Amino acid sequence: MHAFDVLGDPVRRRILELLADGEQTSGAVTATVRSEFGISQPAVSQHLKVLRDNGFATVRAEGTRRLYAVAPEPLQQVDAWLDHFRRFWTPRLDALDTEIARGRRDRGRRDPQ
């Protein structure tokens, strides 16, 4: 499965967002995803399996619990692919940053504290 096929699903993207905050139990991930998407526990397990099978997540056993974490390698590959397109938005973001800084500077001149 291609990385964007894996990331194309909103449930899997949400799971990765949850795991980006740190290692989580399958139960915690399942509870959050079930409440947000209204899907069954087996459906969440299938999404975790897709992430695991495609290298986006790792799992380790701790007693009876399964702890999931983000595996960075596939995301680094996605980032490298996106690098071809950064030229389309980087100049605009740089210009926005300049305008924000200019606005702060001008506001500071008008509103002495």
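Remember, predicted model here, so these are calculated numbers, not experimental data. FYI, side chains are in, hydrogens and waters are out, and symmetry mates aren't considered; it's all heavy atoms of this structure.
Summarising the geometry of Thr25 relative to Arg65, their closest heavy-atom pair is CG2-NH1, 3.5 Å, with the distance given to 0.1 Å.
For the pair Arg52 (side chain) and Ala57 (backbone), a donor-acceptor distance under 3.5 Å is absent.
Remark: Gln41 engages Thr30, Arg34, Ser45 in a side-chain contact (heavy atoms from CB on, under 4.5 Å) (not counting sequence neighbours). Under the side-chain contact (heavy atoms from CB on, under 4.5 Å) criterion, His84 pairs with no residue, sequence neighbours left out. For Arg12, the side chain to side chain donor-acceptor pair (under 3.5 Å) partners at least two apart in sequence or on another chain are His47. Partners of Arg102 under the side-chain contact (heavy atoms from CB on, under 4.5 Å) rule, at least two apart in sequence or in another chain, are Thr98, Glu99, Arg105, Asp106.
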Check residues 17-24 and write down every donor-acceptor pair under 3.5 Å in which the side-chain atom is one partner and the other belongs to a residue at least two apart or another chain.
{"from": "Glu17", "atom 1": "OE1", "to": "Arg14", "atom 2": "NH1", "distance (Å)": "3.4"}
{"from": "Glu23", "atom 1": "OE1", "to": "Arg60", "atom 2": "NH2", "distance (Å)": "2.9"}
{"from": "Glu23", "atom 1": "OE2", "to": "Arg60", "atom 2": "NE", "distance (Å)": "2.8"}
{"from": "Gln24", "atom 1": "NE2", "to": "Leu18", "atom 2": "O", "distance (Å)": "3.2"}

Contacts table for residues 69-83: side-chain donor-acceptor under 3.5 angstrom, sequence neighbours left out:
{"from": "Asp79", "atom 1": "OD1", "to": "Arg86", "atom 2": "NH2", "distance (Å)": "2.1"}
{"from": "Asp79", "atom 1": "OD2", "to": "Arg86", "atom 2": "NH2", "distance (Å)": "3.3"}
{"from": "Asp83", "atom 1": "OD1", "to": "Arg86", "atom 2": "NE", "distance (Å)": "3.1"}

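Once rounded to the nearest 0.5 Å, the distance linking NZ of Lys49 with CG of Leu51 reads 11.5 Å. A distance of 7.0 Å separates CG of Leu16 from CZ of Phe56, quoted to the nearest 0.5 Å.
A single hydrophobic cluster is not seen to contain both Leu67 and Val29; linkage of ILVMFWY side chains at heavy-atom distances under 4.5 Å, directly or through other members, places them apart.
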